[in-house]
Asks: 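The structure follows.
Sequence positions, counted from 1, serve as the residue numbers for this chain.
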Amino acid sequence: MSRTGSLYVPGHSWFHRMDGAVKLVLFVVWTVLAFMFMDLRVFVVMLAAGAVMLIYSGVPFRKMAFLFGLIVLFSIINGLFILLITPTFGTRLTGTDTPVIPIGYAVINQETLFYVLTLSAKYLTLLPMTLLCLFTTMPSAFAASLNRVGVPYKVAYAVSIALRYIPDLIAEFRSTLHSMEARGMGISKEDGSIAKRLSNLSAVVVPVLQSALHRIDSVTNAMELRGFGAGKKRTWYSGGDMTAADWVVIGLALSVLGFGIWLRSRGLNAFWYPFE
């Protein structure tokens, strides 16, 4: 967690200076493009561009490692479920069936493996822009930008609080997990079966969620005592005006979105399978 009490990592890159509203536009455009296609070629290009932007931002990887690991873990678990539950799902998309891995009750085919690879790439494609928005944007500045583009200030402030409390929840989860491990209730392979480890994990998650709910109640009461929400408008300490460069970025993002829509209309909207 940074000194600001949030995921924000101080820096001097172009992304740190970019207005929060512009980052929101970039995130929305990036997300729309990712879900618009089911083509591994598109995702490879987006992943490469995202990796370049992350490197240019100067945010240390160790700061992003936890969230990066969560997304990778989710992709792996999701892929395994697809392979085990619908081992021949890829045949519905390609019309071909190339058996590869027998699993007793069925055979996982090559088409499903490629589908899982493409789907995992889709999820990972969302990661670079998400990390950029989280680690290069101060919550207060982001909330002010949201309010300036028309988002109600109550919603903007809720987003700011959420971004501030993510590091606290992560730190509390780790602290609780370490306490449980000291009592012999770990979640690693050496700590028993999968069922036992899931039971131990629930013993960590439940108190963390209870603590989060208690914090939400405390913050709500404090804000009500200070009259939050009484006025129709509010000012922002971290507010600022967008620069010409910010408008250029918005224009480029919308142009890329338009190009993506054009590609989709030209037929690049189906599942791409190169081995047919």
Side-chain angles (χ1 to χ4, degrees), residues 1-31 34 43-44 46-78 120-146 156-181 186-188 201 204-205 208-209 211-212 215-216 219 237-238 240 245-246 249 253:
M1 185 174 63
S2 69
R3 292 174 297 175
T4 61
S6 68
L7 292 174
Y8 173 72
V9 177
H12 304 285
S13 71
W14 179 53
F15 292 103
H16 286 83
R17 298 191 299 270
M18 189 183 296
D19 189 84
V22 180
K23 295 177 188 178
L24 178 63
V25 171
L26 287 176
F27 178 76
V28 171
V29 169
W30 193 273
T31 303
F43 300 145
V44 168
M46 294 181 68
L47 277 172
V52 171
M53 289 189 289
L54 275 178
I55 294 173
Y56 180 75
S57 70
V59 178
F61 179 76
R62 58 184 176 81
K63 298 287 186 180
M64 306 179 287
F66 182 79
L67 292 178
F68 183 83
L70 283 180
I71 298 298
V72 172
L73 179 62
F74 168 79
S75 299
I76 293 174
I77 294 175
N78 182 68
S120 299
K122 177 194 282 284
Y123 293 144
L124 292 177
T125 297
L126 299 173
L127 189 60
M129 190 56 64
T130 302
L131 294 176
L132 276 175
C133 290
L134 289 175
F135 288 96
T136 65
T137 309
M138 292 189 65
S140 297
F142 185 58
S145 300
L146 290 178
Y157 201 79
V159 173
S160 174
I161 292 177
L163 292 176
R164 289 182 183 277
Y165 273 103
I166 289 175
D168 291 338
L169 290 177
I170 293 175
E172 187 162 351
F173 176 83
R174 288 176 175 172
S175 177
T176 305
L177 179 59
H178 292 162
S179 297
M180 301 296 284
E181 288 177 335
I187 59 174
S188 61
L201 181 62
V204 177
V205 172
V208 171
L209 290 178
S211 176
R215 290 186 181 185
I216 291 172
V219 171
Y237 178 78
S238 302
D246 291 329
V249 172

Asks: Check Pro128 against Leu124 and note the closest heavy-atom contact, atom names and distance.
Replies: CD-O, 3.2 Å
Asks: Any chance you could measure Ile71, atom CD1, to Asn78, atom CG, to the nearest 0.5 Å?
Replies: 11.5 Å
Asks: Looking only at heavy atoms, which two atoms of Pro60 and Val9 are closest? And how far apart?
Replies: CD-CG1, 4.2 Å
Asks: Check whether the ring centres of Phe15 and Phe135 lie less than 6.0 Å apart, and answer yes or no.
Replies: no
Asks: So do Leu131 and Val59 actually touch side chain to side chain, heavy atoms under 4.5 Å?
Replies: no
Asks: Can a donor-acceptor pair be found, under 3.5 Å and without considering hydrogens, that links the side chain of Lys23 to the backbone of Met129?
Replies: no
Asks: Give the minimum heavy-atom separation between Thr125 and Trp30, together with the two atoms involved.
Replies: O-NE1, 2.6 Å
Asks: What is the distance from atom CG of Leu132 to atom NE2 of His16, rounded to the nearest 0.5 Å?
Replies: 9.0 Å
Asks: So if I apply the side-chain contact (heavy atoms from CB on, under 4.5 Å) rule between Val25 and each of Val29, Val28, Val22, which one comes out positive?
Replies: Val29
Asks: To the closest 0.5 Å, what do you measure between OG1 (Thr137) and CG (Leu24)?
Replies: 10.0 Å
Asks: Working to the nearest 0.5 Å, report the span between CG of Leu54 and CZ of Phe68.
Replies: 9.5 Å
Asks: Could you give the distance from CE (Met64) to OG1 (Thr130), rounded to the nearest 0.5 Å?
Replies: 12.0 Å
Asks: Considering all heavy atoms of both residues, which atom of Ser120 and which atom of Ser75 are nearest to each other, and what is their separation?
Replies: OG-O, 4.0 Å
Asks: If you round to the nearest 0.5 Å, how far is CG of Leu127 from CZ of Phe74?
Replies: 12.5 Å
Asks: Testing the basics here: between Leu126 and Ala34, what is the closest heavy-atom pair and its distance to 0.1 Å?
Replies: CD2-CB, 3.6 Å
Asks: Quick check: closest heavy atoms across Ser13 and Ser57, and the distance to 0.1 Å?
Replies: OG-O, 3.4 Å
